[in-house]
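Everything below concerns the one structure shown next.
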Number of protein chains: 4
Amino acid sequence: MVDSVSQNVDLASESTWSPREVELLEVTLQLLQENGYDRLTVDAVAATARASKATVYRRWPSKAELVLAAFTEGIRQVAVAPETGTLRGDLVRLGELVCEQIGQHAGTLRAVLVEVSRNPALNEVMQQQFVDQRKSLMLEILGEAAARGEIEAAAVDEDLWDVLPGYLIFRALVSGRAPTARTVANLVDNVILPGLTRDMDS
Amino acid sequence: MVDSVSQNVDLASESTWSPREVELLEVTLQLLQENGYDRLTVDAVAATARASKATVYRRWPSKAELVLAAFTEGIRQVAVAPETGTLRGDLVRLGELVCEQIGQHAGTLRAVLVEVSRNPALNEVMQQQFVDQRKSLMLEILGEAAARGEIEAAAVDEDLWDVLPGYLIFRALVSGRAPTARTVANLVDNVILPGLTRDMDS
Amino acid sequence: MVDSVSQNVDLASESTWSPREVELLEVTLQLLQENGYDRLTVDAVAATARASKATVYRRWPSKAELVLAAFTEGIRQVAVAPETGTLRGDLVRLGELVCEQIGQHAGTLRAVLVEVSRNPALNEVMQQQFVDQRKSLMLEILGEAAARGEIEAAAVDEDLWDVLPGYLIFRALVSGRAPTARTVANLVDNVILPGLTRDMDS
Amino acid sequence: MVDSVSQNVDLASESTWSPREVELLEVTLQLLQENGYDRLTVDAVAATARASKATVYRRWPSKAELVLAAFTEGIRQVAVAPETGTLRGDLVRLGELVCEQIGQHAGTLRAVLVEVSRNPALNEVMQQQFVDQRKSLMLEILGEAAARGEIEAAAVDEDLWDVLPGYLIFRALVSGRAPTARTVANLVDNVILPGLTRDMDS
DNA sequence: TCATAAGCGAGACGGTACGTCGTGTCTTACG
DNA sequence: CGTAAGACACGACGTACCGTCTCGCTTATGA
């Protein structure tokens with residue numbers, strides 16, 4: 001379980017952008033957060049970075065891919081399990097991390113979503129950067145809880161592992177109500193934990 | 001309780017588009033589903049509807065608002081409580097409805113989200129059309145379940161009423177894994193219901 | 001000769017616009033002088049006159065005809081022979097009249113020219129209002145001069161009767177140098193009169 | 001004197017349009033003569049020249065300026081003194097040249113006049129392309145005639161040098177009667193020459 | 001006196017051109 | 001050879017205007 005995580009982390013860190021490319025991506029991310037996707041122009045990116053458009057397009061074949069690269073670069077971070085010692089602590093910490101990450105990049109993520117759904121290659125990258133990494137993390141947390149006897153191993157639903165981050169992301173992106181620490185606590189206590197421990201009482 | 005429902009229905013139907021406007025929105029929605037957001041052109045909408053671009057822009061000041069209007073018009077439907085007689089049945093039915101609605105318009109919704117987050121007025125509309133309506137529906141379902149004694153009234157969390165639709169929307173929009181009937185059933189059985197009935201067993 | 005003049009005057013005065021129509025034409029002329037032909041809009045005319053566009057179009061079938069009507073209405077005036085007693089006096093007076101008339105309506109005339117050249121019917125009206133009237137006037141002046149023995153009757157060139165007004169109009173409309181009283185005097189003394197009296201010296 | 005002519009030729013040729021620009025102007029002029037000013041569309045110009053509208057608008061900020069440029073380009077020609085050896089010959093040739101040039105572009109010139117009168121910058125260009133060039137030509141012709149003793153140097157009126165072309169232009173643009181070769185001959189013989197030689201007989 | 005019609009204001013409408021802007025490709029000249 | 005600068009074709013956007021039309025309201029005439 002730990003292996004798969006580090007694997008993902010390695011994969012994520014594997015993106016070897018040259019310094020110049022990093023600079024371009026940073027400019028892109030900056031402008032993206034300021035303007036949103038479709039008010040961002042490649043010309044502006046090039047001009048701000050004192051680069052030529054050709055320089056941009058040599059690396060990323062379209063605006064969409066440029067933006068996605070900038071986004072994944074911006075959101076990448078070492079995915080380390082919380083290790084608070086209790087399932088509830090781990091889940092709450094995880095939820096708060098999600099809130100933190102998403103909160104900063106809500107606009108960007110909204111913008112990127114449009115393109116991701118159109119381009120399978122982008123979707124692939126997105127899944128790796130965003131989903132798989134988180135999945136391993138979550139499964140690791142649950143695995144440890146099961147090892148501690150807090151939940152039954154069978155309670156882990158393969159399909160619904162992402163209810164916690166998923167709902168929080170929904171709150172941040174779609175609904176107008178950004179999630180707070182209270183939201184996370186309530187969610188864990190009233191929804192996630194009851195779901196995981198539903199068979200423990202019997 | 002029934003009254004509140006009909007009230008909602010009225011509210012929902014209250015968006016008074018003229019016949020011509022409805023026609024324009026239908027054309028927009030049609031082309032939207034065929035082509036996606038940015039391959040949709042306002043010229044095409046006007047031409048297909050045998051209308052002038054000015055006629056379109058007189059109503060909706062930008063392509064984004066036109067698309068949002070078409071989307072909310074398309075997603076709107078009689079908001080009637082499922083009334084299956086059991087809480088589980090109601091929830092499953094509600095979840096399936098959400099899947100159905102979102103499934104057709106995922107791309108559109110993604111595109112619309114970007115604009116909504118920028119324009120407070122659009123956000124307002126979005127909230128009313130999308131969120132509030134669903135909220136009263138959900139609260140009604142829960143209220144009836146409480147009346148039947150299936151759950152305690154206290155179990156209804158004011159903040160987390162939208163976990164069911166929210167997670168499903170997340171699945172459809174953000175994660176690459178569109179929710180299925182199985183997803184809904186699992187979600188209701190393993191997450192939502194345990195959360196609602198967590199205090200019933202004690 | 002006098003008859004033909006009064007005939008023209010009558011023709012010119014014959015245009016019987018209703019008070020409302022005169023008002024519309026005045027507004028048109030006003031806006032025309034302020035904005036020029038293509039920055040003038042029929043909507044603006046209607047709005048300024050607190051009229052409906054239908055009211056305008058009921059009278060004049062196109063913007064061009066409206067503008068021409070306004071122009072001819074604005075420029076119309078009793079064409080009376082100067083009768084100064086000498087050919088030079090008559091010519092100078094005529095030239096000054098032309099300068100005066102054209103000076104006020106140079107912009108309008110420029111604007112109208114475009115349309116006149118396209119629409120034969122407008123051209124017809126233009127000829128009557130603008131050209132024929134002047135022609136009779138000039139021929140009358142020359143006829144009286146011939147009667148006084150100032151010039152030979154043969155010196156009157158049928159084709160070149162409009163050199164005096166024509167050149168002045170050219171100066172006002174095309175060349176950037178608007179004609180002055182000095183211009184008129186020089187023109188009469190150094191060009192027109194020598195042309196008319198060229199055979200008198202022999 | 002010959003130097004001043006070549007100078008003018010150089011000046012006239014000095015308008016340095018790039019080959020692409022010349023191509024665009026030629027297409028514009030072509031469509032202009034086929035369709036007239038307002039049936040000419042910038043889209044058609046761009047399409048015919050296999051150019052983008054942006055390419056057109058990068059050079060000329062409006063349709064009016066494009067047309068003016070095309071017109072002055074089209075009307076420009078080697079401004080060489082006729083050199084027929086006699087004043088009359090020179091004048092007639094000059095007049096015929098004017099008729100020829102204007103005849104083809106009357107409609108265009110009419111359209112252009114409106115814009116020129118509004119935009120001082122265009123007026124400037126117009127003056128240089130159209131007026132100044134012609135003026136030095138005319139003064140050269142008169143100078144040579146004076147050198148030959150055909151006229152007195154004093155007969156050249158600084159203000160009225162453009163009666164010949166001016167009246168012809170008036171005839172072509174304003175009056176409905178386009179000038180012919182006979183018109184030119186009559187004008188030169190009956191008006192211009194008498195004016196220039198009026199003091200020779202004494 | 002009332003109604004039926006004709007004229008009017010207001011302004012939506014189809015059509016079409018304008019002028020702007022952004023993407024992705026390409027060329028030129030520099031280092 | 002990679003790069004900065006930026007022109008270019010393509011095509012959508014949003015605006016403006018023309019000439020037509022429909023809608024009510026008012027006014028003026030005819031029973």
Side-chain angles (χ1 to χ4, degrees), chain A residues 18 20 24 35 37-47 49-67, chain B residues 18 20-21 23-24 35 37-66, chain C residues 18 20-21 24 35 37-47 49-67, chain D residues 18 20-21 23-24 35 37-47 49-66:
Chain A
S18 78
R20 190 66 218 257
L24 288 170
N35 306 315
Y37 181 83
D38 45 4
R39 291 222 286 243
L40 167 78
T41 69
V42 180
D43 290 75
V45 170
R50 298 195 161 280
S52 164
K53 276 206 294 179
T55 304
V56 177
Y57 278 101
R58 191 170 300 117
R59 267 102 171 170
W60 302 280
S62 72
K63 172 182 168 180
E65 302 219 28
L66 166 66
V67 166
Chain B
S18 78
R20 189 72 173 121
E21 286 163 340
E23 190 185 341
L24 288 169
N35 306 315
Y37 180 80
D38 48 3
R39 281 206 295 245
L40 167 78
T41 70
V42 180
D43 291 76
V45 171
T48 306
R50 291 202 152 275
S52 165
K53 273 206 293 180
T55 302
V56 178
Y57 280 103
R58 193 173 301 118
R59 264 93 170 185
W60 302 281
S62 70
K63 174 182 167 179
E65 301 218 27
L66 166 65
Chain C
S18 78
R20 191 65 218 258
E21 286 161 343
L24 288 170
N35 306 315
Y37 182 82
D38 46 3
R39 291 220 285 242
L40 167 78
T41 69
V42 180
D43 290 76
V45 170
R50 297 193 159 281
S52 165
K53 275 206 295 177
T55 304
V56 178
Y57 278 102
R58 193 172 298 119
R59 267 99 172 172
W60 301 280
S62 72
K63 172 183 168 181
E65 303 220 27
L66 166 65
V67 166
Chain D
S18 77
R20 189 73 173 124
E21 286 162 341
E23 190 185 340
L24 288 169
N35 305 317
Y37 180 82
D38 48 2
R39 282 207 293 246
L40 167 79
T41 70
V42 180
D43 290 76
V45 171
R50 292 200 150 278
S52 165
K53 275 205 293 179
T55 302
V56 177
Y57 279 103
R58 194 174 299 119
R59 266 94 170 184
W60 302 280
S62 71
K63 173 182 168 180
E65 301 218 27
L66 167 66

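Predicted, not measured: the structure shown is a model, and the values here were computed from it. Note: hydrogens, waters and symmetry copies are ignored here, and every other heavy atom, side chains too, is used. Lettering of chains follows the sequences in order, A, B, ..., and the numbering in each one begins at 1.
Side-chain nitrogen and oxygen atoms of B:Thr55 include at least one within less than 4.0 Å of the OP1 or OP2 phosphate oxygen of E:dG14. Taking 4.0 angstrom as the limit, B:Arg20 places a side-chain polar atom (N or O) nearer than this to OP1 or OP2 of E:dG14.
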Grab the N/O contacts between the protein and nucleotides 27-29 of chain F below 3.5 Å, and write none if there aren't any.
none

Strictly under 3.5 Å: I want the nitrogen or oxygen pairs between protein and nucleotides 4-6 of chain E, one per line.
none

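From one end of the helix from E:dT1-F:dA31 to E:dG31-F:dC1 to the other, with five pairs defining each end axis, the axis direction shifts by 0° (rounded to 10°).
Residues meeting the side-chain hydrogen bond (donor to acceptor under 3.5 Å, both in side chains) test with C:Glu21, sequence neighbours left out: C:Ser18, C:Arg59. By the salt bridge (Lys or Arg N to Asp or Glu O under 4.0 Å) test, C:Arg39 is found to be paired with no residue, residues two or more places apart in sequence or in another chain being considered. Annotation: side-chain hydrogen bond (donor to acceptor under 3.5 Å, both in side chains) contacts of A:Asp43 (sequence neighbours excluded): none. Every residue two or more places apart in sequence or in another chain that forms a side-chain contact (heavy atoms from CB on, under 4.5 Å) with C:Ala64 is listed here: C:Tyr37, C:Ser62, C:Glu115, C:Leu122. Remark: C:Asp38 engages D:Arg118 in a side-chain hydrogen bond (donor to acceptor under 3.5 Å, both in side chains) (not counting sequence neighbours). Contacts of B:Ala46 classified as side-chain contact (heavy atoms from CB on, under 4.5 Å), with partners at least two apart in sequence or in another chain: B:Lys53, B:Val56. Here C:Ala44 pairs with C:Leu31, C:Thr41 under the side-chain contact (heavy atoms from CB on, under 4.5 Å) rule; sequence neighbours left out. A search for side-chain hydrogen bond (donor to acceptor under 3.5 Å, both in side chains) contacts involving D:Arg58 returns nothing, not counting sequence neighbours.
Distance CZ (B:Arg59) to P (E:dG11): 15 Å, rounded to an integer number of Å. For the pair B:Arg58 CZ and E:dA10 P, the interatomic distance rounds to 17 Å; values are reported in whole Å. Put simply, CZ on C:Arg50 is 16 Å from C1' on F:dC25, counting in whole angstrom units. One atom, CG of D:Leu40, and another, C1' of E:dG19, lie 15 Å apart when rounded to the nearest Å.
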For nucleotides 24-31 of chain E, 5' to 3', base contacts (B), sugar-phosphate-only contacts (S) and non-contacts (-) with protein non-hydrogen atoms under 4.0 Å give BBB-----

